[in-house]
Asks: 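The structure under discussion is supplied below as structure tokens; questions concerning it will follow.
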Amino acid sequence: MIEISSIVLLELKRKRGERNITVTTLSEETGVSRWTLADILTGRKKIIKKSTYQKIDNWIAENSEE
């Protein structure tokens, strides 16, 4: 388990906002449950699995190239 940093969380929110996508779409693109993503985005969940963190980090990296 790993704690998601405020920087990664902010970047996730920013990229989602730039693309104007729903949590469901974000879930499909990352492979992370929409319920987990909703909890992360609202701050209810700060400790996540390392695999979830990696999926989110990979999605951010992929969308930084656009």
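Just so it is clear, the structure is predicted and the values come from calculations on it, not from any experiment.
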Asks: Closest approach of S27 and S33, non-hydrogen atoms and distance?
Replies: OG-C, 3.7 Å
Asks: Say you draw a straight line from CD of Q54 to CD1 of I48; how long is it, rounded to the nearest 0.5 Å?
Replies: 10.0 Å
Asks: Which pairs pass salt bridge (charged side-chain N to carboxylate O under 4.0 Å, His left out) with one or both residues in residues 43-54, sequence neighbours excluded?
Replies: D39-R44
Asks: Please report the shortest heavy-atom distance between G31 and K55, naming the atom on each side.
Replies: O-NZ, 3.4 Å
Asks: Just so I know, are the side chains of W35 and V23 near enough to count as touching, which here means a heavy-atom distance under 4.5 Å?
Replies: no
Asks: Please determine which of L37, T25, D57, I60 meets the side chain to side chain contact (heavy atoms under 4.5 Å, CB included) test together with T30.
Replies: L37
Asks: On a heavy-atom basis, which atom in N63 and which in K15 lie closest, and how many Å separate them?
Replies: O-NZ, 3.5 Å
Asks: Kindly determine whether E18 and K13 satisfy side-chain contact (heavy atoms from CB on, under 4.5 Å), including the steps that lead there.
Replies: CA-CA 9 Å; E18 283 176 0; K13 289 178 178 181; over 6 Å; no
Asks: Could you tell me if the side chain of W59 sits less than 4.5 Å from the side chain of L12, heavy atoms only?
Replies: yes
Asks: Without swapping roles, check the side chain of R16 against the backbone of I21 for a donor-acceptor pair under 3.5 Å.
Replies: yes
Asks: Transitive ILVMFWY cluster of I47 at side-chain heavy atoms under 4.5 Å: who else is in it?
Replies: M1
Asks: Do L9 and I2 sit in the same hydrophobic cluster, where Ile, Leu, Val, Met, Phe, Trp and Tyr count as joined when their side-chain heavy atoms come under 4.5 Å apart?
Replies: yes
